[in-house]
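Whatever order the structure lists ligands and atoms in, that order sets their numbers, starting from 1. Computed from a prediction, not measured in an experiment: that's the story for all the values here.
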Amino acid sequence: MTRDILIGIDAGTSVIKSVAFDLAGRQIAFASTPNSYETIGRAGVVQDLARTWADAAKTLLELAGKVENLASRTVAVSVTGQGDGTWMIDKNGEAVGKGWLWLDARAGKVVDNLRKERGDLGRFTHTGSGLAACQQGSQLRWMMNEAPELYAGATTAFHCKDWLYFKLTGKRATDPSEAVFTFGDFRTRSYSDSVIDFLGLEKLKYLLPEIVDGATTHHKLEGEAARSTGLLEGTPVVLGYVDVACTALGAGLYEPGTDTGCSIIGSTGMHMRLATSPDDVQLNRDLTGYTMCMPIPGIYAQMQSNMAATLNIDWVLSVAGDLFKSVGIEKSKTELLAYVETWLADAKAASVIYHPYISDAGERGPFVDATARASFIGLSSSHRFGDLVRSVFDGLALAARDCYSAMGPLPKRVRITGGAARSASLRKILGGALGASVQTSEREEAGAAGAAMIAAVSLGIYGSMADCVKDWVTPFQRQPEAADEELSLIYEKAFPAYRQSRLALQPTWHMLASSN
Ligand SMILES: Nc1ncnc2c1ncn2[C@@H]1O[C@H](COP(=O)(O)OP(=O)(O)OP(=O)(O)O)[C@@H](O)[C@H]1O
Ligand SMILES: OC[C@@H](O)[C@@H](O)CO
């Protein structure tokens, strides 16, 4: 049997999926299952480890039902997943408690305090990444201060994809992107003792697994995992990089020599620029954002993330949904989404300013403030619901501009993915707010594709990532949509008001947080 398939697993926050590709990058089949997680009190967000593995295995089994002879045709499986968070296991490989997600906000205060310390600048110089409550370093520090019993018995702390890699191969490892932006130095691509010391985690260093670079190394699928997934024992398994790095690859961030940004407008907003050497990484004065090693020598993705992106759209839709419900009309989210274009039709651009900080975890980019909250500014009696919806879309686009502005000049072209990239209105508004052309891809599963691309290079199917991109990315790009000049002028004028008001509101958020 010819081996002619690569499988990418993407264990996301909303969906867990397995995708089969042929060796030239065409998607052959797809299997998915919704993800679920639980909240604890106001700030905790956790997920069951065993269930996550069972769900991932189930999608692989389902994939086998869709592709003839999948097991014997599979060259390799590569795994990526939601980033940040803390997923711990004991010496027998059993889960210790539940996995903390990137949405968990319990470490907010710890982060506030660490960010005030002088040493944070040194930490930032190494990691290139701002501290936020999402991250494993902040979360472990919180546990150390507040509830050390949570890691009693733990021998390894993983991120989501590392846990799945462990279940597939038995190997305890993490990848260069997450290891380095949390605990390391982006120049050396390894752990940094001074970063770990600054976080106060010297005593927990034993929890950090070996860094394994999937771009050059793989391990073999174990017998038990083979039985639960239907794949063949010994199949090469590749540890992908964190989901956003894989999505960046699959969506087309890696095109050196062009002025191309990449934005994911999914649950979270991620805005990225390519850095083609360590010296090309632009560290900002607010000590925020991420610097992520890419699976290409010397290459980095710089990112600024606004915590909540489509979650703001969902919120404004839920306001409408609740109103309908109160008069006895049930509307699903999909049904409500279908009204969006109608609501937007009569609304004017930037007539109300909306700050999209709807998450209970506040904001993480381009500024970090766990108390940040959303607001509408400039309402008058003539504004209607459509204006609120429009301002939410405007707010997402201005937040993207805020993020890109913290990483140098705005890019000329932005490649976008994520749920909201499906909206023609959102694309137009975003292009206007960035003064950039917007390009989408026919590829629906950029994250799983990016993971599979790492495997394609790791297993020598391509000599370099640049060659892989020529087959896996370029042919799938749609025509760029040029920025609307009139809109660009409107947003150019509105952006200073957006920024100035979010700066002015900061003391108000703090007051609200302390009185609640
Ligand atoms: N046509 C649309 N217009 C506006 N918003 C949309 C549209 N389609 C999807 N969205 C937004 O995208 C959200 C999620 O879509 P989807 O589940 O495809 O997201 P995703 O980006 O894959 O998610 P995640 O980032 O959580 O992995 C929806 O809840 C909605 O807010
Ligand atoms: O904090 C990391 C997170 O935003 C992504 O990896 C979502 O999946």
First locate atom [atom1] of [X], then atom [atom2] of [Y], and finally report the distance between them rounded to the nearest 0.5 Å.
{"X": "Thr440", "Y": "Phe476", "atom1": "OG1", "atom2": "CZ", "answer": "13.5 Å"}
{"X": "His159", "Y": "Thr80", "atom1": "NE2", "atom2": "OG1", "answer": "11.5 Å"}
{"X": "Tyr241", "Y": "Ile296", "atom1": "OH", "atom2": "CD1", "answer": "8.5 Å"}

Could you tell me which atoms of ligand 1, counted from 1 in the order shown, lie closer than 4.0 angstrom to a heavy atom of [X]?
{"X": "Gly266", "value": "21 (O), 25 (O)"}
{"X": "Ser423", "value": "2 (C), 3 (N), 4 (C)"}
{"X": "Asp314", "value": "28 (C), 29 (O), 30 (C), 31 (O)"}
{"X": "Arg422", "value": "8 (N), 9 (C), 16 (P), 18 (O)"}
{"X": "Ile313", "value": "5 (N), 31 (O)"}
{"X": "Gly418", "value": "21 (O)"}

For atom 19 (O) of ligand 1, is some protein heavy-atom partner under 4.0 Å away?
yes
Would you check whether [X] has a nitrogen or oxygen atom less than 3.5 angstrom from a nitrogen or oxygen atom of ligand 1?
{"X": "Gly419", "answer": "yes"}
{"X": "Lys17", "answer": "no"}
{"X": "Ser14", "answer": "yes"}
{"X": "Thr268", "answer": "no"}

Using distance alone, with no hydrogens and no angle criterion, decide if [X] and [Y] have a side-chain donor and acceptor under 3.5 Å apart.
{"X": "Asn35", "Y": "Gln47", "value": "yes"}
{"X": "Ser437", "Y": "Glu481", "value": "no"}
{"X": "Tyr404", "Y": "Ser263", "value": "yes"}
{"X": "Thr268", "Y": "Arg364", "value": "yes"}

How close do Tyr165 and Val237 get, counting heavy atoms only, and between which atoms?
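Closest heavy-atom pair between Tyr165 and Val237: OH-O, 3.4 Å.
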For Arg443 and Gly250, work out which heavy atoms get closest and say how close.
CD-O, 4.1 Å
Here's a test for you: under side-chain contact (heavy atoms from CB on, under 4.5 Å), which of Val319, Leu317, Leu344 qualifies with Val389?
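Testing each of Val319, Leu317, Leu344 against Val389, the sole residue satisfying side-chain contact (heavy atoms from CB on, under 4.5 Å) is Leu344.
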Of all the heavy atoms in [X], does at least one lie under 4.0 Å from an atom in ligand 1?
{"X": "Leu337", "value": "yes"}
{"X": "Gln82", "value": "no"}
{"X": "Val340", "value": "no"}

Can an N or O of [X] be found at a distance shorter than 3.5 Å from an N or O of ligand 2?
{"X": "Asp243", "value": "yes"}
{"X": "Gly83", "value": "yes"}
{"X": "Asp84", "value": "yes"}

Does Lys66, at its NZ atom, have more than 12 non-hydrogen atoms belonging to other residues, nucleotides or ligands within less than 6.0 Å?
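Counting other residues, nucleotides and ligands, NZ of Lys66 exceeds 12 neighbours.
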Short list, please: which atoms of ligand 2 are under 4.0 Å from a heavy atom of [X]?
{"X": "Thr13", "result": "8 (O)"}
{"X": "Thr268", "result": "4 (O)"}
{"X": "Met270", "result": "4 (O)"}

Go through it in stages, so that I can follow the logic: the residues are Arg106 and Gln139, the test is side chain to side chain contact (heavy atoms under 4.5 Å, CB included), and I'd like the CA-CA distance, side-chain angles, deciding distance and then a yes or no.
CA-CA 8 Å; Arg106 279 177 279 187; Gln139 297 181 347; over 6 Å; no
Between Thr310, Val389, Asp10, which one has a non-hydrogen atom sitting closest to atom 13 (C) of ligand 1?
Thr310
Tell me: protein heavy atom nearest atom 4 (O) of ligand 2, and distance?
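For this ligand atom, the closest protein heavy atom is Arg364 NH2, 2.7 Å.
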Protein contact of atom 25 (O) of ligand 1 - nearest heavy atom, named by residue and atom, plus distance:
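Here the nearest protein heavy atom works out to Ser267 N, 2.9 Å.
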Quick check on the 6.0 Å ring-centre criterion: do His126 and Phe186 meet it?
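Ring-ring flag for His126/Phe186: false, centres at least 6.0 Å apart.
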Compute the ring centroids of Phe367 and Tyr357, then answer whether they are less than 6.0 Å apart.
yes
Let me see the working for Arg123 and Leu199 under side chain to side chain contact (heavy atoms under 4.5 Å, CB included), right down to the final yes or no.
CA-CA 9 Å; Arg123 187 205 55 77; Leu199 294 169; 4.1 Å; yes
Counting heavy atoms only, which part of Glu178 comes closer than 4.0 Å to ligand 2: side chain, backbone, both or neither?
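Neither; no heavy atom under 4.0 Å.
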Per-residue contact class, Tyr290 against ligand 2 - non-hydrogen pairs under 4.0 Å
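It is the side chain that gets close, since no backbone atom is under 4.0 Å.
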